[in-house]
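The structure under discussion appears below in the form of structure tokens.
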Amino acid sequence: MHRQSSAKRRQVRGGLSLLEVVLALAILGIAVGILAQAMQISADNALRSQFKAQAQMLCESKMSELLSGAIPAQPQDWAPISGLAGSGEWYYSVQTLAGPQPELVGVVISVTDNLNLTNPSVNQFSLLRLIIDPSLGLDQPASQTNSTSTGSNASSSTSVGSTTGAGGSF
């Protein structure tokens with residue numbers, strides 16, 4: 001009896017079989033592949049997000065320049081954006097649209113980092129804003145008029161300040 005129990009002990013192994021090792025390596029390889037693909041997708045999304053944020057800031061900056069009068073509120077084809085440090089070459093364009101009311105004009109400012117606009121994969125960001133039509137001159141302060149009413153010394157003063165419209169004036 002002593003022999004049989006020692007023979008059984010010798011047959012029981014404590015290590016892993018080759019099949020178990022290959023199966024574990026296959027599972028590890030699949031997991032690494034999935035994680036690598038997830039990292040690639042997240043890196044692409046981070047770059048796309050960075051582009052959109054930079055393009056939005058450039059659009060808002062050009063819109064502020066337009067509202068302040070630094071650039072004219074008239075259609076302009078693609079022009080380079082100057083004064084950028086190390087961020088690549090960016091271009092902007094200005095388009096005007098008819099507004100919902102006669103005194104309003106829609107201004108669309110678009111920015112891109114690639115002028116190959118025939119390629120549908122080119123990234124482009126646009127910003128639309130309604131402004132007061134600069135040709136109407138409504139952004140100029142009106143003159144003050146003083147009038148006295150009959151039979152009294154009371155005077156009334158009327159003043160119309162510059163109207164900011166949709167967030168700014170020229």
Side-chain angles (χ1 to χ4, degrees), residues 21-146 157-170:
V21 171
V22 169
L23 185 61
L25 286 175
I27 291 172
L28 179 65
I30 291 171
V32 167
I34 290 172
L35 287 175
Q37 187 177 14
M39 290 295 292
Q40 180 65 39
I41 290 171
S42 63
D44 290 345
N45 286 339
L47 286 174
R48 198 171 312 130
S49 168
Q50 182 182 8
F51 169 82
K52 292 240 184 240
Q54 188 173 10
Q56 181 179 358
M57 287 191 306
L58 289 171
C59 259
E60 289 175 359
S61 173
K62 283 299 173 185
M63 185 63 76
S64 295
E65 288 179 25
L66 186 133
L67 294 174
S68 69
I71 59 175
Q74 58 190 3
Q76 178 176 347
D77 203 14
W78 295 101
I81 298 176
S82 58
L84 298 178
S87 60
E89 194 70 25
W90 286 84
Y91 304 93
Y92 77 100
S93 73
V94 179
Q95 299 171 346
T96 56
L97 308 168
Q101 296 182 356
E103 359 6 268
L104 296 177
V105 174
V107 177
V108 178
I109 294 187
S110 302
V111 296
T112 186
D113 62 345
N114 189 347
L115 285 181
N116 184 12
L117 299 176
T118 58
N119 185 357
S121 66
V122 169
N123 292 321
Q124 182 177 343
F125 189 85
S126 297
L127 184 66
L128 167 67
R129 191 161 189 180
L130 292 175
I131 61 173
I132 296 175
D133 189 354
S135 65
L136 296 177
L138 294 177
D139 57 341
Q140 304 299 323
S143 61
Q144 292 185 356
T145 58
N146 290 331
S157 172
T158 312
S159 171
V160 178
S162 70
T163 308
T164 59
S169 65
F170 285 80

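Nothing here was measured: the structure is a model prediction, and the numbers come from that model. What's counted below: heavy atoms across the whole structure, side chains too, no hydrogens, waters or symmetry copies. Heads up: numbering here begins at 1 and tracks the sequence.
Considering every non-hydrogen atom in both S110 and S126, the closest pair reads OG-OG, 2.7 Å. Taking all atoms of both residues into account, the shortest heavy-atom contact from W90 to F51 is CH2-CE1, 2.9 Å. The minimum heavy-atom distance linking P75 with T96 is given by the pair CG-OG1, 3.6 Å.
Under the side chain to side chain contact (heavy atoms under 4.5 Å, CB included) test applied with L128, the options V107, I109, L97 reduce to a single match, L97.
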Applying side-chain contact (heavy atoms from CB on, under 4.5 Å) to L58 and F125, what does each step give before you reach the verdict? CA-CA 9 Å; L58 289 171; F125 189 85; over 6 Å; no

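One distance of note links CD of E60 with CZ of R129; it measures 9.0 Å at 0.5 Å rounding. Note that the CG atom of L104 and the CD1 atom of I131 stand 9.0 Å from one another [nearest 0.5 Å]. Remark: Q37 CD to I34 CD1 distance equals 8.0 Å, nearest 0.5 Å.
Under 3.5 Å, the side chains of Q54 and Q50 contain no donor-acceptor pair of N or O atoms.
Taking the side chain as every heavy atom from C-beta outward, K62 and L66 never approach each other to under 4.5 Å. Contact check for Q76 versus Y92: side-chain heavy atoms found under the 4.5 Å cut-off. Side-chain atoms of P100 and L130, non-hydrogen and from C-beta on, do get closer than 4.5 Å to each other.
Listed for the S42 side chain is a donor-acceptor partner under 3.5 Å among the backbone atoms of A38.
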